[in-house]
Student: 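Take this structure, written in structure tokens, and hold onto it; I'll ask about it next.
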Protein chains: 2
Amino acid sequence: MATTTAAQRREQARYAYDAFMRDCPTNQLLGRLSDKWVSLVVAALSGGPRRYSDLRRRIAGVSPKMLTQTLRTLERDGILTRAVTPSVPVRVDYELTPLGRSLAGLLTAVKDWAEEHIEEVHAARERYETAEAQAG
Amino acid sequence: MATTTAAQRREQARYAYDAFMRDCPTNQLLGRLSDKWVSLVVAALSGGPRRYSDLRRRIAGVSPKMLTQTLRTLERDGILTRAVTPSVPVRVDYELTPLGRSLAGLLTAVKDWAEEHIEEVHAARERYETAEAQAG
DNA sequence: AGAGTTGGTATCTTCTGGTAAGTAGTTACC
DNA sequence: GGTAACTACTTACCAGAAGATACCAACTCT
């Protein structure tokens, strides 16, 4: 008894958790996921495993501090794995877990949206500033 | 001549902009979109227009400062519109634009992912901390 | 011997976000 | 007549987070 299907569990989860609620764990998780570096790291890893310095080069402008910090929290949360090869010099590979891959599609979709709609956003900004100048 | 289809323009945009590049406008836009309050506001508006105080109640824990700030930048970027009704007391309605609705699906997908996978993330954290305690 | 590679840590400064309080303009209550 | 309430904000302050930069240790290559 008490057999639940994956669909039933998802349905239950949808009611049990509400990201709109403060102090709800999902609210905090959403805060973690809503991070520029998280989006870029996960997008960069969606093509396969990469090394630390690979990521540093691919993600322009990321400081070693923020890259390490982002990778650590993503590892802790089960989004990616960290594999150390004790060669000389040491080699560290980061790779998405199945959980991470299920997220990667969503985050890269947001990144792609930004790339595809940047011009519309830019146009909207110009309209806004023109209207503001006329109003003020 | 020089007729381009929407698909061609999208393809062009994909090559012209790269969110991995620092100082690329899309990188900055991704930074704006990767925001907890942006996700929650857009998700809250995806069901239809809402008033300021509606949003405040729905999005628990948001301060008036951050709500106003988030709404202003989203208005400026053409994601939503702000409509003032000069009644007494004044009434302000916020509504997603078509551009905003095209984004809403992606951001609510991330929010729903957080709600659906929070338990896996939680389990991963416990495993991580156990492993850490054994290692240390 | 000196530069370059690896994967980071330490430190300092700048900036952002949360808290709490105040504002304006009208209406309702006592 | 005073004051409380409702609306949609604005402002000042401060702790904590983010960002830039310098540095580290071990080794290889030239």
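All values below come from the heavy atoms of this structure, side chains included, with hydrogens, waters and symmetry mates left out. A, B, ... follow the sequence lines: proteins, then strands. Residue 1 opens every chain.
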Student: Considering only heavy atoms from C-beta outward, does the side chain of B/Met21 approach that of B/Asn27 to under 4.5 Å?
Tutor: no
Student: Once you round it to whole Å, what is the distance between P of C/dT16 and CG of A/Asp35?
Tutor: 15 Å
Student: State whether A/Arg51 places a side-chain N or O below 4.0 Å from either non-bridging phosphate oxygen (OP1 or OP2) of C/dG8.
Tutor: no
Student: Could you tell me whether the side chain of B/Arg101 and the main chain of B/Leu96 form a donor-acceptor pair under 3.5 Å?
Tutor: yes
Student: Which angle, rounded to 10°, do you find between the first-five-pair axis and the last-five-pair axis of the helix from C/dA1-D/dT30 to C/dC30-D/dG1?
Tutor: 20°
Student: In whole Å, what is the span from the CG atom of B/Leu71 to the P atom of D/dT7?
Tutor: 16 Å
Student: Indicate whether OP1 or OP2 belonging to D/dA8 is found under 4.0 Å from a side-chain N or O atom of B/Arg50.
Tutor: no
Student: Under 4.0 Å: is that the gap between some side-chain N or O of A/Trp37 and OP1 or OP2 of D/dG19?
Tutor: yes
Student: For A/Val62 and for B/Tyr94, find the nucleotide of DNA chain D with the closest heavy atom, then tell me which residue's nucleotide is more 5'.
Tutor: B/Tyr94
Student: Answer yes or no: is there a side-chain heavy-atom contact under 4.5 Å between A/Leu67 and A/Trp37?
Tutor: no
Student: From the list C/dT6, D/dC6, D/dC9, which nucleotide is the closest neighbour of the side chain of B/Pro89?
Tutor: D/dC6
Student: Rounded to the Å, how far apart are A/Arg56 CZ and C/dT6 P?
Tutor: 10 Å
Student: Does the side chain of A/Leu80 reach to within under 4.5 Å of the side chain of A/Val41, using non-hydrogen atoms?
Tutor: yes
Student: So, OP1 or OP2 of D/dT10: does either fall under 4.0 Å of a side-chain N or O from B/Arg72?
Tutor: yes
Student: Could you check how far CG of A/Leu55 sits from C1' of C/dG8, rounded to whole Å?
Tutor: 13 Å
Student: How long is the line joining OH of B/Tyr52 and P of C/dA24, in whole Å?
Tutor: 17 Å
Student: Could you tell me whether B/Arg50 and B/Asp93 make a salt bridge, using a distance below 4.0 angstrom between a side-chain N and a carboxylate O?
Tutor: no
Student: Cation-pi between B/Arg76 and A/Tyr128: NZ/CZ under 6.0 Å from ring centre and within 45° of the ring axis?
Tutor: no
Student: Quick one: which of A/Glu119, A/Glu115, A/Glu116 gives a side chain to side chain donor-acceptor pair (under 3.5 Å) with B/Tyr17?
Tutor: A/Glu119
Student: Quick one: does B/Thr73's side chain have a donor or acceptor within less than 3.5 Å of a partner on B/Thr70's backbone?
Tutor: yes
Student: So B/Ser87, base contact, sugar-phosphate only, or nothing? Heavy-atom distance under 4.0 Å.
Tutor: nothing
Student: Once hydrogens and angles are ignored, does a donor-acceptor distance under 3.5 Å link the base of C/dG8 to the side chain of A/Lys65?
Tutor: no
Student: With heavy atoms under 4.0 Å as the rule, sort B/Arg57 into base, sugar-phosphate or nothing.
Tutor: nothing
Student: For B/Gly61, answer base if it contacts any base atom (sugar-phosphate contacts may also be present), sugar-phosphate if it contacts only those atoms, and nothing otherwise; contact means non-hydrogen atoms under 4.0 Å.
Tutor: nothing
Student: Roughly how many Å is it from CG in A/Leu67 to C1' in C/dG7, rounded to a whole number?
Tutor: 10 Å
Student: Looking at B/Arg91, I'd like to know whether one of its side-chain N or O atoms comes within less than 4.0 Å of OP1 or OP2 on D/dC6.
Tutor: no
Student: Look at all strands and tell whether B/Ser63 reaches a base, only sugar-phosphate, or nothing, counting heavy atoms closer than 4.0 Å.
Tutor: base
Student: C/dT11 P sits how many Å from A/Gln69 CD, rounded?
Tutor: 16 Å
Student: Would you kindly give the NZ-to-P distance between B/Lys36 and C/dT16, to the nearest whole Å?
Tutor: 18 Å
Student: Heavy atoms from C-beta onward define the side chain here; which of D/dA8, C/dT26, C/dG7 lies closest to that of A/Ser53?
Tutor: C/dG7
Student: Go through C/dT26, D/dG19, C/dT19 for me and flag the one nearest to the A/Arg22 side chain.
Tutor: C/dT19
